[in-house]
Number of protein chains: 2
Amino acid sequence: MTLPPHAGPGSDPGIGGAVAPGGSPLRSVPEASVVRLALYLRVLGELAEQGTETVSSDELAGASGVNPAKLRKDLSYIGSYGIRGVGYEVAPLLRHLEHSLGLTQRQAVALVGVGNLGHALAGYAGFAGNGFPVVALFDIDPDLVGVGINGILIDHVDELRRVCAERGVTIGMIATPGQAAQGVCDQLVACGVRCILNFAPAVLQVPDDVDVRKVDLAVELQVLAFHVARRHLAAAEGPLNVVAQAAAAAINGAGRRVTGGTS
Amino acid sequence: MTLPPHAGPGSDPGIGGAVAPGGSPLRSVPEASVVRLALYLRVLGELAEQGTETVSSDELAGASGVNPAKLRKDLSYIGSYGIRGVGYEVAPLLRHLEHSLGLTQRQAVALVGVGNLGHALAGYAGFAGNGFPVVALFDIDPDLVGVGINGILIDHVDELRRVCAERGVTIGMIATPGQAAQGVCDQLVACGVRCILNFAPAVLQVPDDVDVRKVDLAVELQVLAFHVARRHLAAAEGPLNVVAQAAAAAINGAGRRVTGGTS
DNA sequence: ACCTGTGAAGATTTTCACAGCA
DNA sequence: TGCTGTGAAAATCTTCACAGGT
């Protein structure tokens, strides 16, 4: 069985606009769009803080590093309604995005592996503040069990099943060494966790109905290294390229490009 | 850069963009493929450790969670030569991948922002071990300046330009708060850094010739939250789905149980 | 007999471009 | 006039399926 980074259970055709009880259309949203929606949400939050009340798709797209048409299409997936000739009202759009991303419901997060990286994740303020409280910590090291971080005590991995059930964990984060990751993943899945964020350098095999997203630091650096190398090759190879690049660089000295996401 | 009217954000498309105008290909490798190449490299490393000498595309693809045809196509971008009827020799393929990803040359990394997350990144063993030594640390907090982590002293951000030049930094990592990220990014670019890995919750604006990759923890969690919510909606809507999901869960509950280790 | 490398088909995502409304 | 929402075209990525080695 294969697990593309985001093998959603929704290989499901379901083109038809199935309608949920509430009446909102449950249309399939491309994974890439979901990622961008989360991005727009943050940018909108910043705009709201500044007191901005409306934005055009051009403005919001610019601030998000995205093509305006793409932004409008992304919003269309969640049935957003802007005002023609004006743009979008920041506050309502923000609420709409939160709702569409399922942020109205609090998601309890469990973190397995409180080593170097795990410790930082456990203490990361960005989580709790955004509706993702870390409610459980696990490690296999007896010296760590019982230690508290941000008011949460570390439990032994053997307690995973019980603790996750008790605390209603819906999202699992894995920050163990690579060899341990699959085992931990299996346990989380057995506990009913269906969404996993994996920081361990390992490819996780999971059932079809489980979503895994991966953050792989080594891979990120290697991808950048590839670009460094390619840049050297390109420069060494074509004088024409060098000229073109220099020209482009000069032109861009003033105007800037926007670069968005990854993962 | 080249022709495309718009340098797309997101997973920066025109990677091989440097297709020589009148010259040789310098074949462009799709960004998605580059990411997977890095993944194959890791899996191959594991195979090599186990003493495996050859793998078929099926096996390697399975272990990487990827479709075999896709794997072969990915490898074809870097002109890999397997042996028909047999597969790939692990060691040569591993070397080939390392070379193609530019890992033969050591990349010096600078990390800006030694807070909660930054501290963990500075101590992350996976970097140095993979040819990405962190050679410089920066922060704006006077209390941190002078502190050493893993033998590297933290410098003040004001020293960024000098230190990066002295130590030949080629890759920058940003782990500052969101508001500080753009400023830091500008400084890195001014120092000649052309590849940046951004952990800060901010969209960075950079010139065309700079590659940015982003790791955004809040976005990752929100994407997972979206899937949790969608799953609930789907379950509430389609009774057939519920049955199928329950069955899948049951089957997997009986699945292997592995006692995991943790750091 | 088996497995790679790849053209071509298929699927998905991005972008264009314009109708339609405020 | 200005900007959204969206059908359709373009670009990109994935998968199939098979020719061609070993």
Side-chain angles (χ1 to χ4, degrees), chain A residues 1-8 10-15 17 25 27-37 40 54-62 64-90 92-93 96 258 260-261, chain B residues 2-17 19 25 27-37 40 53-62 64-90 92-93 96:
Chain A
M1 185 210 54
T2 58
L3 175 66
H6 38 268
S11 316
D12 194 26
I15 299 165
R27 196 131 37 92
S28 85
V29 184
E31 181 79 352
S33 291
V34 177
V35 174
R36 287 190 298 265
L37 289 174
Y40 306 150
T54 65
V55 265
S56 66
S57 63
D58 270 27
E59 292 164 340
L60 185 50
S64 307
V66 156
N67 175 302
K70 181 152 53 176
L71 179 140
R72 292 201 298 276
K73 181 136 291 192
D74 286 341
L75 291 181
S76 81
Y77 289 125
I78 57 171
S80 163
Y81 275 59
I83 307 161
R84 295 182 188 221
V86 178
Y88 303 87
E89 292 183 82
V90 172
L93 180 55
H96 187 191
V258 167
Chain B
T2 8
L3 315 162
H6 245 276
S11 312
D12 204 7
I15 283 329
V19 178
R27 202 167 349 160
S28 87
V29 184
E31 179 79 351
S33 292
V34 177
V35 173
R36 287 190 299 266
L37 288 174
Y40 307 149
E53 296 194 346
T54 64
V55 265
S56 65
S57 62
D58 270 28
E59 292 164 338
L60 185 50
S64 306
V66 156
N67 175 303
K70 180 152 52 176
L71 178 140
R72 293 200 297 275
K73 182 138 289 191
D74 286 342
L75 291 180
S76 81
Y77 289 126
I78 58 171
S80 163
Y81 275 59
I83 308 162
R84 297 185 185 216
V86 178
Y88 302 88
E89 291 184 82
V90 172
L93 181 54
H96 188 192

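The chains referred to below are lettered A, B, ... by the order of the sequence lines, with proteins before strands, and numbering in each begins at 1.
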Length of the CG-P vector between B:Asp58 and C:dT4, whole Å: 7 Å
Side-chain N or O of B:Asn67 closer than 4.0 Å to phosphate OP1/OP2 of D:dC13: no
d(OH, B:Tyr81; C1', C:dG5) in whole Å: 9 Å
Phosphate OP1/OP2 of D:dG5: any A:Tyr88 side-chain N/O under 4.0 Å: yes
Nucleotide C:dT12, atom C1' - distance to NZ of A:Lys70 in whole Å: 13 Å
Residue pair A:Glu59 / A:Val55: nearest heavy atoms and the distance that separates them: OE1-CA, 3.3 Å
Closest to the A:Ser56 side chain, choosing from C:dT14, D:dT14, D:dT4: D:dT4
Atom-to-atom span, CG of A:Leu93 to C1' of D:dC3 - whole angstrom: 15 Å
Minimum heavy-atom distance between B:Asn67 and B:Ala69, given as atom pair plus value: OD1-N, 2.7 Å
Donor-acceptor contact present, side-chain A:His96 to main-chain A:Ile78, <3.5 Å: yes
Euclidean distance, atom OH of residue B:Tyr77 to atom P of D:dT12 [Å, nearest integer]: 11 Å
Letter per nucleotide, 5' to 3', of nucleotides 17-22 of chain D [B base touched, S only sugar-phosphate touched, - untouched; heavy atoms, 4.0 Å]: B-BBBS
Short side-chain N/O contact from A:Ser57 to OP1 or OP2 of D:dT4, under 4.0 Å: yes
Touch class at under 4.0 angstrom, heavy-atom based, for B:Ser33 against every strand present: nothing
side-chain contact (heavy atoms from CB on, under 4.5 Å) partners for A:Ser57, two or more places apart: A:Pro68, A:Leu71, A:Arg72, A:Tyr88
Check: A:Thr54 and A:Ile83 side chains under 4.5 Å, non-hydrogen atoms: no
Distance test, side-chain N/O of B:Lys73 to OP1/OP2 of C:dT6, below 4.0 Å: no
Between D:dC3 (C1') and A:Glu59 (CD): distance, integer Å: 11 Å
Between C1' of C:dC3 and CD of B:Glu89, the distance in whole Å: 14 Å
Side chain to side chain donor-acceptor pair (under 3.5 Å) involving A:Tyr40 - partner list, sequence neighbours excluded: A:Asp74
Whole angstrom value for the distance that separates P of D:dC13 from CG of B:Leu75: 17 Å
